[in-house]
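Since this is a predicted model, take the numbers as computed values, not measurements. Numbers restart at 1 for each chain; the letters A, B, ... are given by sequence-line order, proteins then strands.
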Protein chains: 2
Amino acid sequence: MVDPITVLAEPVRRRILDELRVTECSVGSLVDALAMSQPAVSKHLKVLREAGFVSSRTAAQQRIYRLEPEPFRALERWLAPYRRLWGTHLDALERHLEES
Amino acid sequence: MVDPITVLAEPVRRRILDELRVTECSVGSLVDALAMSQPAVSKHLKVLREAGFVSSRTAAQQRIYRLEPEPFRALERWLAPYRRLWGTHLDALERHLEES
DNA sequence: CTTGTAAATGCCTGATCGGTTATATAACGT
DNA sequence: ACGTTATATAACCGATCAGGCATTTACAAG
């Protein structure tokens, strides 16, 4: 599985990305945050890693995962031609509303 | 299945959207373009329709499908917080390169 | 080198999903 | 009303995938 969009189809994987958006995380803290078995989380992390969404570094026995930008950019590139069809862009007001 | 990203995970559905990005299409012309059985295409169209990506109007015996913007906007809204992490935006140069 | 902790991997199962064939519905012309 | 064209739906099959449990690997402390 290498296609970014396919990887994002899994809701749990999006929750993982949401967590990592706040801070980088060890596998254990993701297990706590998601209330899910450790093997399940590790499996999702493997998929995310192979698709480039996350990278990991070793810290003692822990593996610390963090977000990587490239697949998100790829998603934007895919989306761009559609956005251009309707001049859909997030303007300042929309951006402000999102942040609340 | 209602989640836009899950709907887009299917490669054939993205090809359908690619076709509809050029012009609105009847089911039959999509069948030709995709070289795929009519029931398969109709099934994908149903999923796309229920997720709001496309709408259809009746013209004689044909059903003409066309793109609808809202789910794409939803995708952008989901993507926005990540984009903000790296200031990832498509600038004029990138936009130009895409068009080639 | 043993013990303990953290994470990854292997195997199995149940559910989901895409494709096919066959059939039903819808709209048109005669 | 009948036959024809265009599309939708139903029933079935095979493949894929997420989750669970058990096991293994990686690393550190004693």
Side-chain angles (χ1 to χ4, degrees), chain A residues 1-20 22-68 71 75 78, chain B residues 1-20 22-68 71 75 78:
Chain A
M1 196 193 283
V2 281
D3 170 55
I5 302 191
T6 305
V7 169
L8 292 180
E10 233 297 323
V12 173
R13 286 197 279 267
R14 271 177 283 176
R15 290 177 58 202
I16 291 178
L17 295 178
D18 284 342
E19 294 293 330
L20 293 180
V22 181
T23 359
E24 50 179 27
C25 286
S26 69
V27 176
S29 59
L30 286 172
V31 168
D32 293 345
L34 304 175
M36 184 174 315
S37 79
Q38 175 265 313
V41 172
S42 281
K43 228 183 153 193
H44 284 302
L45 285 172
K46 180 179 186 167
V47 175
L48 288 169
R49 196 175 350 108
E50 288 175 348
F53 280 98
V54 301
S55 61
S56 68
R57 64 185 160 86
T58 300
Q61 301 105 321
Q62 302 188 335
R63 310 291 167 86
I64 309 296
Y65 281 82
R66 66 181 173 85
L67 282 188
E68 291 293 335
L75 234 178
W78 179 85
Chain B
M1 196 193 283
V2 282
D3 169 55
I5 301 190
T6 305
V7 169
L8 292 180
E10 233 297 322
V12 173
R13 285 197 280 267
R14 271 177 284 176
R15 290 177 58 202
I16 291 178
L17 295 178
D18 283 344
E19 293 294 330
L20 294 180
V22 181
T23 359
E24 52 180 27
C25 287
S26 69
V27 178
S29 60
L30 286 171
V31 168
D32 293 345
L34 304 175
M36 184 173 313
S37 78
Q38 174 264 313
V41 172
S42 281
K43 233 184 148 188
H44 283 302
L45 285 171
K46 178 178 186 168
V47 174
L48 288 168
R49 197 177 347 112
E50 288 176 348
F53 280 98
V54 302
S55 61
S56 69
R57 66 186 161 84
T58 298
Q61 301 104 322
Q62 302 187 335
R63 311 291 167 86
I64 309 296
Y65 282 82
R66 66 179 173 85
L67 282 188
E68 292 293 335
L75 234 178
W78 179 84

Want to settle it: does S56(B) or V12(A) sit nearer the 5' end of DNA chain D, counting the closest nucleotide to each? S56(B)
Which whole-number value in Å describes the distance from K46(B) NZ to dG19(C) C1'? 16 Å
Rounded distance in Å - OH (Y65(A)) to C1' (dA7(C)): 8 Å
Measure from CG on L45(A) to C1' on dC17(D) and round the result to the nearest Å. 17 Å
Among the nucleotides dG18(C), dG19(D), dT9(C), which one has an atom lying closest to any side-chain atom of H44(B)? dG18(C)
If I take atom OG from residue S56(A) and atom OH from residue Y65(A), how far apart are they, to the nearest 0.5 angstrom? 4.5 Å
Is it true that a side-chain atom of R49(A) and a backbone atom of V54(A) form a donor plus acceptor pair closer than 3.5 Å? no
Enumerate the residue pairs fulfilling side-chain hydrogen bond (donor to acceptor under 3.5 Å, both in side chains) with a member in residues 30-41 of chain B, sequence neighbours excluded, ordered by first and then second residue. Q38(B)-S42(B)
Could you state the atom-to-atom distance from CD1 of I64(A) to C1' of dA6(C) in whole Å? 10 Å
Would you mind reading off the distance between R57(B) atom CZ and dA6(D) atom P, rounded to a whole angstrom? 16 Å
Rounded to the Å, how far apart are K43(B) NZ and dT20(C) C1'? 10 Å
Taking every heavy atom of L30(B) against every heavy atom of C25(B), the minimum-distance pair comes out as CG-CB, 3.8 Å
Output yes when at least one side-chain N/O atom of S37(A) is less than 4.0 Å from OP1 or OP2 of dG20(D), else no. yes
Would you classify V41(B) as touching base, sugar-phosphate or nothing, given that sugar-phosphate means primed atoms plus P, OP1 and OP2, and contacts are heavy atoms under 4.0 Å? nothing
Tell me which residues in residues 26-33 of chain B put a heavy atom below 4.0 Å from DNA chain D, sorted by number, or none. S26(B), V27(B), G28(B)
In whole angstroms, the gap separating P of dT16(C) from CD of E10(A) amounts to 13 Å
Through what angle, rounded to 10 degrees, does the axis of the helix from dC1(C)-dG30(D) to dT30(C)-dA1(D) turn between its ends, using five pairs per end? 20°
Just jot down the salt bridge (Lys or Arg N to Asp or Glu O under 4.0 Å) partners of R66(A), sequence neighbours excluded, or say none. E68(A)
E10(A) and V47(A), any side-chain heavy atoms less than 4.5 Å apart: no
Quick check: closest heavy atoms across S26(A) and Q62(A), and the distance to 0.1 Å? CB-OE1, 3.9 Å
Base contacts versus sugar-phosphate-only contacts with protein, heavy atoms under 4.0 Å: please encode nucleotides 23-30 of chain D as B, S and - from 5' to 3'. ---SBS--
Taking R13(A) for the side chain and L48(A) for the main chain, is one N or O donor matched with an acceptor at less than 3.5 Å? no
Applying side-chain contact (heavy atoms from CB on, under 4.5 Å), can you list everything that pairs with A59(B), at least two apart in sequence or on another chain? R57(B), I64(B)
In whole angstroms, how far is the P atom of dG20(D) from the CG atom of L34(A)? 12 Å
Heavy-atom check, side chain of L17(B) versus side chain of L8(B), under 4.5 Å: yes
Which heavy atom of R63(B) sits nearest to which heavy atom of T58(B), and what is that distance? CD-OG1, 3.6 Å
Of the non-hydrogen atoms in A51(B) and P71(B), which two are nearest, and what is the gap between them? O-CG, 3.4 Å
